[in-house]
Amino acid sequence: MSDSSTIKVLGLTGSFRKASFNRMALAAAVELAPEGVVVEAYDYRDIPFYDGDAEASAGIPAQAAVLREKIHAADALLIVTPEYNASIPGLLKNAIDWSSRAPQQPLAGKPTAIMGASPGALGSIRAQLHLRQILMNVGAQVMVGPQVLIAAAGQRFSAEGRLTDEGTQQFIRDLLAGLANWTRQLRK
Ligand code: FNR
């Protein structure tokens, strides 16, 4: 890939509820992607819970295999996490766990940016720190910053679910531009 080619980013969130702030933040990232960056939001909610016996008898479930291939095919990842009890939701952890269960697992070396939203004051920081630790364990190349912490999320989205806060929009643009640069640097 040359330096000028489009960076394909796979976008994953840890919440699929209709009014999810994190799902809406990911949708904003799809729209705000700078030139040369394309973000695809992928819905993986039908992946079954990890089960070592099922894996031993039937291998990786089809839904988890699709996610694994999507991670393989992407140049970079954007993970948008809610905070549940100071950590990431089980749904997201499950997707990472299944994705890590393969030789040449696709998260290793993958340039990755993280962000998150919470109605509270901390903006998902504790979940993001846990996510960073988990991703380090699977060898992802997690970007150090900018940190995008969408606190008081209820004030930053319209009733229709659009991100209206201009400061947050700019943080997301900067994050994606940084991710594209990071991805290109790692390829050199
Ligand atoms: C939460 N929430 C929450 N918020 C937070 O800032 N810190 C936390 O530790 C928790 N813990 C927590 C646990 C559980 C089980 C739930 C369901 C919720 C609130 C959470 O941030 C809020 O519900 C968000 O709106 C969830 O993200 P989505 O679905 O809007 O993307």
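Note that ligands are numbered from 1 as they come in the structure, with each ligand's atoms numbered from 1 the same way.
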Looking only at atom types and distance, does a side-chain atom of [X] sit under 3.5 Å from a main-chain N or O of [Y], one as donor and one as acceptor?
X: W182; Y: V142; answer: no
X: K93; Y: I134; answer: no
X: K110; Y: I71; answer: yes
X: Q169; Y: L32; answer: no
X: R132; Y: M143; answer: yes

Test: D97 and R101 ion pair at under 4.0 Å: no
Part of S15 within contact of ligand 1 (heavy atoms, under 4.0 Å): side chain
Would you say ligand 1 has an N or O under 3.5 Å from any N or O of [X]?
X: A86; value: yes
X: N22; value: yes
X: F21; value: yes

Heavy-atom protein neighbour under 4.0 angstrom from atom 23 (O) of ligand 1: no
Residue and atom name of the nearest protein heavy atom (relative to atom 7 (N) of ligand 1), distance in Å to one decimal: E83 OE2, 2.8 Å
Residue, atom name and distance, where the atom is the protein heavy atom closest to atom 6 (O) of ligand 1: S118 OG, 2.7 Å
Atom indices of ligand 1 within 4.0 angstrom of R126 heavy atoms, with elements: 7 (N), 8 (C), 9 (O)
Per-atom contacts, ligand 1 versus R17 - under 4.0 Å to a heavy atom: 25 (O), 28 (P), 29 (O), 30 (O)
Geometric class of the F21/F157 ring pair [parallel <30°, tilted 30-60°, perpendicular >60°]: tilted
